[in-house]
Amino acid sequence: MTESTEKETAIVVYGASSERINPRYKEAAYHLGELIGRSGATLISGGGKAGIMKASIDGATCAGGQTIGVLPRFMVDREWQHPSLSRMIVTESMHERKQTMANLSSAAIACPGGCGTLEELMEIITWRQLNLYSGNVVILNTDGYFDPLLEMLQRTIDEGFMREDHKELWQVARTPEEAVEKALQPTTHAPFTQKIH
């Protein structure tokens with residue numbers, strides 16, 4: 001993957017496509033998008049027209065920011081894309097979609113979501129662990145949504161599946177302001193050094 005220092009500032013936002021969620025999650029995502037737009041960074045996302053994806057794109061657009069949506073072809077065929085994207089990239093698979101979003105971004109922020117969001121978050125943390133992704137990974141823990149996941153990650157450390165310093169692979173933010181601030185900070189995590197034996 002391209003190093004984050006070699007590309008323009010762009011933040012990939014992961015989040016739910018569901019409209020059945022509590023409005024507070026969409027409000028936080030909208031504000032997150034606004035802040036990203038105002039910062040001058042491009043917002044990268046899955047490009048959907050519903051849920052947290054829609055809210056973050058709307059926020060960035062209203063703030064005058066640029067948005068790039070990355071969707072697999074089957075989603076475009078079903079017209080799931082947000083109509084106001086600055087740019088849309090169509091991929092042939094979900095795997096290519098995730099790879100493209102990571103390649104375009106210099107940092108990642110995970111908002112609340114379901115299996116797809118959790119999978120994206122776990123994958124980008126793993127890529128960071130293996131030096132396949134160099135940007136900051138931030139978990140936007142709106143109203144404590146991610147508390148159970150953070151407890152599980154701590155258990156992986158307590159049980160020896162990860163090291164204590166692996167907690168440096170991600171950061172936790174309580175507010176959109178804190179999330180954008182952490183995403184835009186220079187990365188500090190040391191390269192992965194664990195030996196397999």
Once you round to the nearest 0.5 Å, how far does [atom1] of [X] lie from [atom2] of [Y]?
{"X": "Glu181", "Y": "Asn136", "atom1": "CD", "atom2": "CG", "answer": "11.0 Å"}
{"X": "Met88", "Y": "Leu71", "atom1": "CE", "atom2": "CG", "answer": "6.5 Å"}
{"X": "Ser56", "Y": "Glu34", "atom1": "OG", "atom2": "CD", "answer": "11.5 Å"}
{"X": "Leu140", "Y": "Ile109", "atom1": "CG", "atom2": "CD1", "answer": "7.0 Å"}
{"X": "Gln129", "Y": "Glu123", "atom1": "CD", "atom2": "CD", "answer": "13.0 Å"}
{"X": "Ile57", "Y": "Ile52", "atom1": "CD1", "atom2": "CD1", "answer": "12.0 Å"}

Does [X] come within less than 4.0 Å of [Y], counting only side-chain N to carboxylate O?
{"X": "Lys98", "Y": "Glu120", "value": "no"}
{"X": "Lys54", "Y": "Glu19", "value": "no"}
{"X": "Glu151", "Y": "Arg155", "value": "no"}

Looking only at heavy atoms, what is the nearest atom pair of [X] and [Y], with distance?
{"X": "Pro112", "Y": "Tyr145", "result": "CB-CD2, 3.5 Å"}
{"X": "Ala55", "Y": "Ala29", "result": "CB-CB, 4.0 Å"}
{"X": "Pro176", "Y": "Ala28", "result": "CG-O, 3.5 Å"}
{"X": "Ser17", "Y": "Ala50", "result": "O-CB, 3.2 Å"}
{"X": "Ala183", "Y": "Ala107", "result": "O-CB, 3.4 Å"}
{"X": "Ala110", "Y": "Leu121", "result": "CB-CD1, 3.8 Å"}

Practice prompt. Given side chain to side chain contact (heavy atoms under 4.5 Å, CB included), test Met75 with Lys49 step by step and report yes or no.
Written response: CA-CA 11 Å; Met75 290 186 179; Lys49 63 179 181 181; over 6 Å; no

Side-chain donor or acceptor of [X] paired with backbone N/O of [Y] under 3.5 Å:
{"X": "Ser39", "Y": "Ile36", "value": "yes"}
{"X": "Gln154", "Y": "Leu150", "value": "no"}
{"X": "Thr42", "Y": "Ala10", "value": "no"}
{"X": "Glu96", "Y": "Glu92", "value": "yes"}
{"X": "Ser45", "Y": "Gly69", "value": "no"}

Fill in: Exercise: do Ser105 and Tyr133 side chains pair donor with acceptor under 3.5 Å
yes

Heavy-atom side-chain proximity of [X] to [Y] below 4.5 angstrom:
{"X": "Arg128", "Y": "Leu132", "result": "no"}
{"X": "Asn141", "Y": "Arg174", "result": "no"}
{"X": "Val12", "Y": "Tyr14", "result": "yes"}
{"X": "Leu169", "Y": "Val137", "result": "no"}
{"X": "Ile68", "Y": "Leu43", "result": "no"}
{"X": "Val13", "Y": "Cys111", "result": "yes"}
{"X": "His166", "Y": "Phe161", "result": "no"}
{"X": "His82", "Y": "Met53", "result": "no"}

Transitively linked via ILVMFWY side-chain contacts under 4.5 Å: [X] with [Y]?
{"X": "Leu35", "Y": "Tyr25", "result": "no"}
{"X": "Val76", "Y": "Met94", "result": "yes"}
{"X": "Ile124", "Y": "Met162", "result": "yes"}
{"X": "Leu149", "Y": "Trp127", "result": "yes"}
{"X": "Phe146", "Y": "Val180", "result": "no"}

Discussion item. Set out, in order, the CA-CA distance, both residues' side-chain angles and the distance that settles side chain to side chain contact (heavy atoms under 4.5 Å, CB included) for Arg97 and Thr91, then state yes or no.
Written reply: CA-CA 6 Å; Arg97 179 198 207 188; Thr91 65; 3.6 Å; yes

Practice prompt. Output, in order, the C-alpha distance, side-chain angles, deciding distance and verdict of side chain to side chain contact (heavy atoms under 4.5 Å, CB included) for Ile139 and Gln171.
Written response: CA-CA 6 Å; Ile139 298 170; Gln171 301 178 67; over 6 Å; no

Worksheet entry | More than 12 heavy atoms from other groups under 6.0 Å of CD on Gln66 | no

Discussion item. Is it true that, when you exclude Glu164 itself, more than 12 heavy atoms of the residues, nucleotides or ligands shown sit nearer than 6.0 Å to its CD?
Written reply: yes

Worksheet entry | Working for side chain to side chain contact (heavy atoms under 4.5 Å, CB included), residues Val138 and Val172 | CA-CA 6 Å; Val138 182; Val172 181; over 6 Å; no

